[in-house]
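Remarks on the structure that follows.
Here is the naming used below: chain letters follow the sequence lines, and residue numbers restart at 1 for every chain.
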There are 2 protein chains.
Amino acid sequence: MLQQERHNKILDLLSQLGRVYATELSVTLQVSEDTIRRDLKQLDDAKLLRRVHGGALPLQQEFDEYRERHEEVDPLKKRVALAAIPFIKENQTILLDSGTTCLQLAMNLPTHFNFTVVTPSPLVATKLIHHNNIELILLGGKIFKPAVMALGATTNAMLRKIHFDACFLGICALHPNKGLSINNLDEAETLATIIEQSEQVIALGSSLKLGKMATHKVCDSNKLDLLVTDSNSDQHILNLLKEKGLQIEICAD
Amino acid sequence: MLQQERHNKILDLLSQLGRVYATELSVTLQVSEDTIRRDLKQLDDAKLLRRVHGGALPLQQEFDEYRERHEEVDPLKKRVALAAIPFIKENQTILLDSGTTCLQLAMNLPTHFNFTVVTPSPLVATKLIHHNNIELILLGGKIFKPAVMALGATTNAMLRKIHFDACFLGICALHPNKGLSINNLDEAETLATIIEQSEQVIALGSSLKLGKMATHKVCDSNKLDLLVTDSNSDQHILNLLKEKGLQIEICAD
DNA sequence: TTATTTCTTGCTTGTTTATGCCCGATTTGG
DNA sequence: CCAAATCGGGCATAAACAAGCAAGAAATAA
């Protein structure tokens with residue numbers, strides 16, 4: 001593991017746990033405590049954390065940064081998102097859904113080839129503004145605030161004019177027999193429209209979402225082509241989904 | 001294998017694995033470590049990755065965080081924005097343009113009554129997500145990155161279906177005789193469409209923008225109803241604008 | 001075609017960096 | 001206070017590095 005890579009991991013762990021111990025880190029990262037101590041010293045010098053006896057603490061954050069950090073960075077969602085990246089190919093047009101998992105995906109998109117991203121989420125769009133190699137298209141419509149995305153008739157009309165090579169959806173509930181579902185009717189309709197317009201449907205969701213059901217059905221599970229999830233998934237459910245024709249991708253732990 | 005080909009492979013591997021090691025690459029790609037080192041150096045120079053001891057890491061990330069942190073609020077623009085707020089009335093539908101001045105306006109909108117905000121800017125939309133009393137509508141279309149806004153035929157078509165009580169535009173250049181102008185053609189067309197759909201046109205711009213001209217004309221200055229600017233404005237220009245029928249609002253110092 | 005130039009690559013050399021280990025000093029928690 | 005954990009600095013070593021050189025490939029000119 002590279003030194004920088006280790007530094008990033010340490011900062012990741014720090015922001016997740018709120019504190020890190022030197023001994024613990026040396027075990028997790030498979031290096032000596034001396035190295036960890038040097039790492040922590042460097043990170044402290046770089047003002048990226050505050051060194052204390054036995055480990056390190058996060059720096060005092062600014063107000064909105066604090067809020068931003070606190071709002072998200074579920075490590076599980078990030079891992080699922082990262083596992084989905086290889087399915088994006090050069091010159092494709094893909095749709096990125098709203099939701100924290102897709103936001104993670106957006107923040108880690110490949111930078112070295114060109115493709116087009118369409119999104120109903122102003123948040124996702126904002127994250128991609130500085131990404132030079134993508135063409136970015138925003139879906140218009142009334143913003144449904146709980147999901148931070150454009151929804152409804154206008155959005156659906158615009159969607160029907162676009163054909164996607166793939167769509168990436170952060171799922172709310174997926175049941176082998178009952179299909180994909182969600183708790184808001186308009187959202188369900190927009191998702192259904194997205195799926196109709198997509199060559200390949202890629203669902204992202206932690207194991208917690210599998211076998212669950214929500215109020216409004218979006219589509220049958222066989223409409224999905226690929227599910228990216230984590231290793232805690234119920235094997236029985238996965239097998240049922242495989243029978244429905246889904247390819248399953250398990251993210252790294 | 002060609003050099004270029006190798007570079008692409010390296011970037012591929014990097015985006016898949018999240019990191020690459022020089023030694024590992026020299027084995028995989030069947031070249032000496034020196035060559036790999038030179039490759040990595042070139043790719044780093046080209047800003048396609050970040051070289052570190054032992055290998056390389058993806059670039060990207062921290063970019064928007066960095067940007068946001070260093071995005072200083074121009075106090076002048078903020079004052080101009082604040083002076084425009086009283087012109088928003090209850091139950092109106094207003095359009096908020098892209099640009100830093102309108103972003104300031106967005107962050108200071110009244111919270112005690114209801115109205116509708118339409119915007120082509122994902123940045124403005126993001127700032128308004130947590131604002132409970134407004135209905136938020138996003139304009140769709142291809143994002144023009146330099147201006148961070150949706151532009152073009154799709155955007156204009158969507159605009160033509162909406163009637164605004166007022167639009168708030170951050171202006172680039174306003175000349176009494178030559179009218180309102182801007183440096184991008186598509187942006188000019190979209191602005192013109194916005195103005196056509198608006199009952200009242202409110203222009204926000206510091207004194208620096210007055211008497212100036214840019215490449216593409218948007219409209220004559222008499223199409224504007226109100227100009228909000230600062231006290232350093234050239235009195236002569238202001239008089240000419242008043243003759244054209246504009247109301248002038250000078251912000252506090 | 002041949003000659004010349006430019007690029008690319010691998011090798012050699014000496015240098016720098018990252019890491020683990022050791023040991024005396026410091027801090028921590030009873 | 002003590003004992004254990006943690007720390008800091010010095011040292012050794014192996015890996016990674018930068019720079020220069022020469023051979024061969026590719027591009028260009030004659």
Review point. Counting only side-chain N and O atoms of B:Q3, is one of them less than 4.0 Å from OP1 or OP2 of C:dT9?
Key: yes
Review point. What is the distance, rounded to the nearest whole Å, between atom CG of A:L2 and atom C1' of D:dA15?
Key: 13 Å
Exercise for review: Whole angstrom is fine here: how far is it from CZ in B:R6 over to C1' in C:dT9?
Suggested key: 8 Å
Review point. To the nearest angstrom, how far is A:D39 atom CG from C:dT19 atom C1'?
Key: 10 Å
**Study point:** D:dA19 OP1/OP2 closer than 4.0 Å to side-chain N/O of B:R38
**Key:** no
Practice item. Round to the nearest Å and state the distance from A:Q4 atom CD to D:dA16 atom P. Key: 16 Å
**Study point:** 5' precedence on DNA chain D between B:K41 and A:T23 (nearest-nucleotide basis)
**Key:** A:T23
Check your understanding: To the side chain of A:H53, which of C:dC11, C:dG20, C:dT28 is closest?
Key -> C:dT28
Practice item. Any chance you could lay out the salt bridge (Lys or Arg N to Asp or Glu O under 4.0 Å) test for A:R37 and A:E33, step after step, and finish with the verdict? Key: CA-CA 6 Å; A:R37 242 176 260 122; A:E33 290 188 33; 3.6 Å; yes
Practice item. Nearest-nucleotide wise, let me know which of B:T35 and A:Q42 is further upstream toward the 5' end of DNA chain C. Key: B:T35
Check your understanding: Starting at the 5' end of DNA chain C and moving along, which residue's nearest nucleotide shows up first, A:E33 or B:Q30?
Key -> B:Q30
Check your understanding: What nucleotide, of C:dT8, C:dA18, D:dC7, holds the atom closest to the side chain of A:A22?
Key -> D:dC7
Point to revise | Nearest-Å distance for atom pair NE2/P, residues B:H7 and C:dT8 | key: 9 Å
Point to revise | Side-chain donor/acceptor of A:D97 to backbone N/O of A:F168, under 3.5 Å | key: no
Check your understanding: Are the side chain of A:S181 and the backbone N or O of A:V218 linked by a donor-acceptor pair below 3.5 Å?
Key -> no
**Study point:** Residues forming a side-chain hydrogen bond (donor to acceptor under 3.5 Å, both in side chains) with B:K77, sequence neighbours excluded
**Key:** B:T100
Exercise for review: Round to the nearest Å and state the distance from B:E5 atom CD to D:dA26 atom P.
Suggested key: 13 Å
Review point. Any side-chain N or O of A:R37 less than 4.0 Å from the OP1 or OP2 oxygen of C:dG20?
Key: no
**Study point:** Gap between atoms OH and P, on B:Y21 and D:dA14 respectively (whole Å)
**Key:** 21 Å
Point to revise | Whole angstrom value for the distance that separates P of D:dC17 from CZ of B:R51 | key: 4 Å
Review point. Is the backbone of A:E187 close enough, under 3.5 Å, to the side chain of A:T190 for a donor and an acceptor to pair up by distance?
Key: no
